Amino acid sequence: MPSFQTTPGTRDILPPDAVRWRSFVEEFDAIVSLAGFQHIVVPMFEDLGVFQRLGDATDVVTKEMYDFVDKGGRHVALRPEQTAGVCRSFAQHRPLPPWKVWYSGPNFRYERAQHGRYRQFDQVGVEALGSDDPLLDVEVIALAVDFFQKLGLRNVVLNINSLGDSGDRARYVEALSQYFQARIGELSPESVATLERNPLRVLDSKRDSEQAVVAQAPFISGFLSDEAASHFAQVKQGLDALGIAYVVNERLVRGLDYYCRTTFEFQSTALESAQTAVGGGGRYDGLVEDLGGPATPGIGFAIGLDRTLLACDAEQVFPHPSTKADVFVIDTTGGLQALQLCQQFRTAGFASERAYGGRAMKAQMKAADKSGATYAVIIGTDELSQGVATVKSMVDGYQEEIPLDSVVEHVAAQLRKVSS
RNA sequence: GUGGGCGUAGCUCAGUUGGUUAGAGCGUCGGUUUGUGGUACCGAAGGUCGGGGGUUCGAGACCCCUCGUCCACCCCA
């Protein structure tokens, strides 16, 4: 018999982790819904061209895309992120701006797996299309800040920067290119190659030997147009008004080419691995137009589930939700009593569990203990013949006999008393 | 894609310079007399030592290949 395991870079999210994943998304939903963002579901794969608009100098597009030709001859790709899909959706359906949506779900990038980095990875995120108001940038950033706070994270640092408008950016890239060319001897072969493709990315280098050259490189702030500079100033002003702490990091360029003006990234200082970015985003004012829609400004962010949960683990916050049973039914008469009682408890809205396979009383008690149930309801041959059930508190061990036909009501009343 | 570490029971790991029937802890299941959990004690199940080739009288240990995994670069969430 062949045996199988998950393909590289993918993994099973088992209980109780999957339970925690779901409540993570629920928390996110709760926060962004209050700000008027509505849920959207876009396809997990799209025409390859949709994602190519992310930029031909981005690795996400050029080397990490899961693309294939389907049976109908269409060249499609699994989404590497969801912003492009949302913008395509906007261009296709032309909703009334401002259009504020949120999403969650898996994305796919073909790269070597690492701590906090997988080929299939989940994100939650928002996109707001149709307004270039800098205070919208602030509102969007504030949502992410609120979310991290809600999770209980304290060691998340907000980095912000402005990449300017396309003209500013082009002039800056030119200046950067000239600078690095002049000091090309100090760059690693890898960075020289990166310089060819996208000079901005050289700023991202983590190689120690290059830190000096990178540190002395020209700054973007010197190239911003008056409009872009003013926009950035208003964003900072808005953040200040909300009391949100941030660090202006002019080396923050981010990997997707479509970003302009405001860009930001959340770094967890609690994580020690290489992947410390738990979330990030920015403006992409030209993207909708690139996808065939009307010229529409947009801003959004994405937060990585895995990394953020790793940060939660590191800070010991956002614990796994409880999955305890309320009541455990022990039946040594064959199982029919447990079958019926569990059903009745569930109908009444209480989590009820039981053992299967006619196991010994002691084994069933152990199972009851492990289930975390507050009460055990025991039905043996004695109880059955007398028409009663033994109700035992798993907390203090106290037990009493209750008529079988009122046992659900009795235990339900006790449980309500405990929870109130 | 490049480089490095690691692959032994469900999990975490031992396994001495290659030498008989591969071990422990945890977990699981059962038991410690009559129908009662958390503790303790006893016992059991569970592994073709990632896979394939090679060296050897003999390989879990050594060599090669391969797959997987982890970490770093890269990239990004």
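These values consider heavy atoms only, across backbone and side chains, with no hydrogens, waters or symmetry-generated copies. Given the structure is predicted, the values throughout are model-derived calculations rather than measurements. Note on naming: letters A, B, ... go to the chains in the order of the sequence lines (proteins, then strands), and numbering restarts at 1 for each one.
- Nucleic acid contact for A/Glu383: base, since at least one base atom lies under 4.0 Å from a heavy atom of the residue.
- Counting to the nearest Å, the C1' atom of B/G50 and the CD atom of A/Gln5 are 8 Å from each other.
- Under the 30°/60° scheme for interplanar angles, the aromatic rings of A/Phe24 and A/Phe147 are found to stand perpendicular.
- Contact annotation: side chain of A/Arg112 to base of B/G3, donor-acceptor pair present below 3.5 Å.
- Put simply, the side chain of A/Val377 reaches to within 4.5 Å of the side chain of A/Leu341, judged on heavy atoms.
- To the nearest whole angstrom, the two P atoms, one in B/A45 and one in B/C63, are 35 Å apart.
- Nucleic acid contact class of A/Asp122 (heavy atoms, under 4.0 Å, all strands): none.
- Proximity of a side-chain donor or acceptor of A/Glu250 to a complementary backbone N or O of A/Ser221 within less than 3.5 Å is detected.
- Using a 4.0 Å heavy-atom criterion, one finds that A/Phe328 contacts no nucleic acid atom at all.
- When each of B/A77, B/C73, B/U36 is scored by its nearest atom to the side-chain atoms of A/Lys206, the top-ranked nucleotide is B/C73.
- Comparing atom distances between the A/Arg207 side chain and each of B/A77, B/G35, B/C73 picks out B/C73 as nearest.
- Salt bridge A/Arg283/A/Asp132: absent, no basic N to carboxylate O contact under 4.0 Å.
- Within 4.0 Å of A/Pro8, counting heavy atoms only, lie sugar-phosphate atoms of the nucleic acid but no base atom.
- Side chain of A/Arg88 to main chain of A/Asp47: no donor-acceptor pair is present (N/O by atom type, distance under 3.5 Å, no hydrogens or angles).
- Atoms CG (A/Asp59) and P (B/U2) sit 15 Å apart, rounded to a whole Å.
- Going from atom CG of A/Leu203 over to atom P of B/C76 covers 12 Å, rounded to whole Å.
- The P atoms of B/C65 and B/G4 are separated by 12 Å, rounded to the nearest whole Å.
- In this structure, A/Arg109 reaches the bases: a heavy-atom distance under 4.0 Å links it to at least one base atom across the strands shown.
- Atom P of B/A77 sits at a distance of 27 Å from the matching atom of B/G3, rounded to the whole Å.
- Between the side chain of A/Asn155 and the main chain of A/Ala270, no donor-acceptor pair closer than 3.5 Å is present.
- Contact annotation: side chain of A/Arg117 to base of B/C75, donor-acceptor pair present below 3.5 Å.
- No hydrogens or angles were tested; on distance alone, nothing pairs the side chain of A/Arg201 with the base of B/C75 as donor and acceptor under 3.5 Å.
- Separating the CD atom of A/Gln275 from the P atom of B/C76 is a distance of 12 Å, rounded to the nearest angstrom.
- Separating the CZ atom of A/Phe4 from the C1' atom of B/G50 is a distance of 16 Å, rounded to the nearest angstrom.
- Residue-level contact check: A/Ala367 touches neither bases nor backbone, having no heavy atom under 4.0 Å from any strand.
- Taking every side-chain heavy atom of A/Ala302 into account, B/A77 is the closest of B/G35, B/G37, B/A77.
- Ring geometry, A/Phe301 versus A/Phe28: the interplanar angle exceeds 60°, so the pair is classed perpendicular (tilted spans 30 to 60°).
- Sequence order on RNA chain B of the closest nucleotides to A/Ile378 and A/Tyr118 puts A/Ile378 first from the 5' end.
- Listed nucleotides: B/C76, B/G37, B/C73. Nearest to the side chain of A/Val60: B/C76.
- Side-chain N or O atoms of A/Glu81 include one that pairs as donor or acceptor with a backbone N or O of A/Ala84 at under 3.5 Å.
- Note on A/Gln114: a side-chain N or O is less than 4.0 Å away from OP1 or OP2 of B/A72.
- If you measure from atom NE2 of A/His115 to atom P of B/A72, you get 8 Å, rounded to the nearest angstrom.
- Atom name P, nucleotides B/A22 and B/C67: the rounded distance is 31 Å, in whole Å.
- OP1 or OP2 of B/C74 lies within a sub-4.0 Å distance of a side-chain N or O belonging to A/Ser205.
- Contact annotation for A/Glu190: no contact, since no heavy-atom pair falls under 4.0 Å across all strands.
- Among the atoms of the strands shown, none is found under 4.0 Å from any heavy atom of A/Gln364.
- Between the P atoms of B/U12 and B/G27, the separation comes to 15 Å (whole Å).
- Contact between the side-chain N/O atoms of A/Lys366 and the OP1/OP2 oxygens of B/U28 is not found at any separation under 4.0 Å.
- A donor-acceptor contact under 3.5 angstrom links the side-chain atoms of A/Lys392 to the base of B/U36.
- Across the protein-nucleic acid pair, A/Met365 atom CE and B/G37 atom P stand 6 Å apart, rounded to whole Å.
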Reading RNA chain B 5' to 3', how would its secondary structure be written in dot-bracket notation, given Watson-Crick and G-U pairs with both distances under 3.5 Å, brackets [ ] for crossing pairs and | for partners on other strands?
-> (((((((..((((.....[...)))).(((((.......))))).....(((((..]....))))))))))))....
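- Look at A/Arg20 and A/Asp313 and you find a salt bridge, because one of the NZ, NE, NH1 or NH2 atoms lies within 4.0 Å of a carboxylate O, short of that distance.
- A/Gln178 is linked by a side chain to side chain contact (heavy atoms under 4.5 Å, CB included) to A/Glu174, counting only residues two or more places apart in sequence or in another chain.
- Note on A/Glu64: only backbone sugar-phosphate atoms sit closer than 4.0 angstrom, heavy atoms only; bases stay farther off.
- Atom-to-atom, CE of A/Met361 to P of B/U36 comes out at 6 Å; the value is rounded to the nearest Å.
- Across the P atoms, B/C57 and B/C26 are found 43 Å apart, a figure rounded to whole Å.
- Heavy atoms of A/Gly125 sit nowhere under 4.0 angstrom from any nucleic acid atom.
- Each of A/Ile379 and A/Lys370 has a nearest nucleotide on RNA chain B; the 5'-most of these lies closest to A/Lys370.
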